[in-house]
Amino acid sequence: TQINAIKDETDQIKYFAGLISDLSDRKATDEKLDYLLNYDSLTKLANRVQFQNQLHRALVRFQNDGLPFALVLMDIDRFKHFNESFGHKASDQILQSIGERLSNNVQRVDVLARVGGNEFACIVACSPTFDITKFASRLFESLTDKPYQVAGHEVVLSCSIGIALVPEH
């Protein structure tokens, strides 16, 4: 809303003129752009940019407040071969399923992200009672225990997981 005073020759306010603009379309566009900049459109997880921002925040929290955290990286083994065998559409379906399985099996994470084609990562705040090995095992099992359904076939995947603890590593 913008309101301006309209004055006469003697510099007296004669009336006011107002302009009202509807910015809802622009606001929606800005929100969509923000989403596209920070989230992976395929898996709906945070993307590499958002992950790097959250990792920086976790490092700052550690430096300022001494709050330890863990970084868990997951890489789907031999995904390139799967992609070559089944094609991009099937690969996209698998990546969506992986994103869903990971999302359903994490509760205490600062961020869960798809950081590369077949690479996923999460940042987890660590309390003294938090068992990062159990957490990583749960993620591994969520990805590998049940087969994926692709084009009428059952596909079993494996993955490699790496863990780094701050400040230990």
Peer 1: Roughly how far, to the nearest 0.5 Å, is the CD atom of E100 from the OG atom of S142?
Peer 2: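 With rounding to 0.5 Å, OG (S142) is 12.0 Å from CD (E100).
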Peer 1: Step through it carefully: locate the ring centre of F130, locate the ring centre of F135, and say whether they are under 6.0 Å apart.
Peer 2: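 Ring-ring flag for F130/F135: true, centres closer than 6.0 Å.
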Peer 1: Side chains of I94 and V150: closer than 4.5 Å at any heavy-atom pair?
Peer 2: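 Yes, side chains in contact.
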Peer 1: Give the minimum heavy-atom separation between I76 and N118, together with the two atoms involved.
Peer 2: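 Distance-wise, the nearest heavy atoms are O-ND2, 2.7 Å.
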Peer 1: When rounded to the nearest 0.5 angstrom, what distance separates CD in E119 from CE in M74?
Peer 2: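 Separation between the atoms: 10.5 Å.
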Peer 1: Please report the shortest heavy-atom distance between A70 and L165, naming the atom on each side.
Peer 2: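 So the two residues come closest at CB-CD2, 3.5 Å.
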Peer 1: Quick one: OG1 on T1 to CD1 on I20, what's the gap to the nearest 0.5 Å?
Peer 2: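 With rounding to 0.5 Å, OG1 (T1) is 5.0 Å from CD1 (I20).
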Peer 1: Taking all non-hydrogen atoms of both residues into account, name the closest pair between A136 and I161 and its distance.
Peer 2: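 Distance-wise, the nearest heavy atoms are O-CD1, 3.6 Å.
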Peer 1: Is it the case that the side chain of R114 and the backbone of G116 share a donor-acceptor pair, with hydrogens and angles ignored and the cut-off at 3.5 Å?
Peer 2: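 Such a contact is found between R114 side chain and G116 backbone.
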Peer 1: Going from CZ on R78 to NZ on K80, what distance comes out if it is rounded to the nearest 0.5 angstrom?
Peer 2: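 Spacing of CZ (R78) from NZ (K80) equals 14.0 Å.
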Peer 1: With a 4.5 Å cut-off on side-chain heavy-atom distances among I, L, V, M, F, W and Y, is there a chain of contacts connecting I163 to L67?
Peer 2: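 Each belongs to a different hydrophobic cluster.
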Peer 1: Which atom names give the shortest non-hydrogen contact between P167 and F62, and what distance separates them?
Peer 2: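 Where P167 meets F62 most closely, the heavy atoms are CB-CZ, 3.3 Å.
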Peer 1: Which heavy atom of N105 sits nearest a heavy atom of R138, and at what distance?
Peer 2: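 Minimum heavy-atom contact is O-NE, 3.0 Å.
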Peer 1: Determine yes or no for a side-chain-to-main-chain donor-acceptor pair under 3.5 angstrom, with N83 supplying the side chain and F79 the backbone.
Peer 2: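 It does not hold such a pair.
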Peer 1: Can you give the donor-acceptor pairs under 3.5 Å from side chains of residues 45-52 to other protein atoms, not counting sequence neighbours?
Peer 2:
unit_1, atom_1, unit_2, atom_2, d
N47, OD1, V49, N, 3.1
N47, OD1, Q50, N, 3.0
N47, ND2, L37, O, 2.9
R48, NE, V115, O, 3.1
R48, NH2, V115, O, 2.5

Peer 1: Do E154 and Q149 pass the side chain to side chain contact (heavy atoms under 4.5 Å, CB included) test, and can you show the C-alpha distance, the side-chain angles, and the key distance before you say yes or no?
Peer 2: CA-CA 5 Å; E154 281 191 351; Q149 299 295 323; 3.1 Å; yes
Peer 1: Take L102 and F120 through the test side chain to side chain contact (heavy atoms under 4.5 Å, CB included) and record every step on the way to the result.
Peer 2: CA-CA 9 Å; L102 289 173; F120 297 84; 3.8 Å; yes
Peer 1: Passes side chain to side chain contact (heavy atoms under 4.5 Å, CB included), V72 versus L139? Steps please.
Peer 2: CA-CA 10 Å; V72 180; L139 293 180; 4.1 Å; yes
Peer 1: Is the side chain of Y148 donor-acceptor paired with the backbone N or O of L143 at a distance under 3.5 Å, no angle test?
Peer 2: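 Checked: pair present.
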Peer 1: Would D75 and S160 satisfy side-chain hydrogen bond (donor to acceptor under 3.5 Å, both in side chains), going step by step from the backbone distance to the final call?
Peer 2: CA-CA 5 Å; D75 183 33; S160 301; 5.5 Å; no
Peer 1: State, to 0.1 Å, how close P147 and R101 come at their nearest heavy-atom pair, and which atoms those are.
Peer 2: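 Nearest pair, atom of P147 first, then R101: O-NH2, 3.2 Å.
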Peer 1: Roughly how far apart are H56 NE2 and R61 CZ, rounded to 0.5 Å?
Peer 2: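 These two atoms lie 11.0 Å from each other.
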Peer 1: Under 3.5 Å, is there a donor-acceptor pair between the side chain of D8 and the main chain of T10?
Peer 2: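 Confirmed, D8 side chain pairs with T10 backbone.
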Peer 1: Tracing side-chain links under 4.5 Å among I, L, V, M, F, W and Y, which residues wind up in one group with I6?
Peer 2: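 Listed partners: Y15.
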Peer 1: What's the separation between atom CG in L55 and atom SG in C122, rounded to the nearest 0.5 Å?
Peer 2: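 If we round to the nearest 0.5 Å, L55:CG and C122:SG are 11.5 Å apart.
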Peer 1: Do any N or O atoms from the side chain of R57 and from the backbone of V60 form a donor-acceptor pair under 3.5 angstrom?
Peer 2: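 Such a contact is absent between R57 side chain and V60 backbone.
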Peer 1: Decide if atom NZ of K146 counts as having more than 12 heavy atoms of other residues, nucleotides or ligands within a radius under 6.0 Å.
Peer 2: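 Not buried by this count: 12 neighbours or fewer within 6.0 Å.
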Peer 1: If you apply the rule side chain to side chain contact (heavy atoms under 4.5 Å, CB included), what do you find for S21 with Q2, and how did you get there?
Peer 2: CA-CA 9 Å; S21 300; Q2 181 181 355; over 6 Å; no
Peer 1: Flag the pair V155 / F82 as yes when at least one side-chain heavy-atom distance between them is below 4.5 Å, and no otherwise.
Peer 2: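 With C-beta onward as the side chain, the pair touches.
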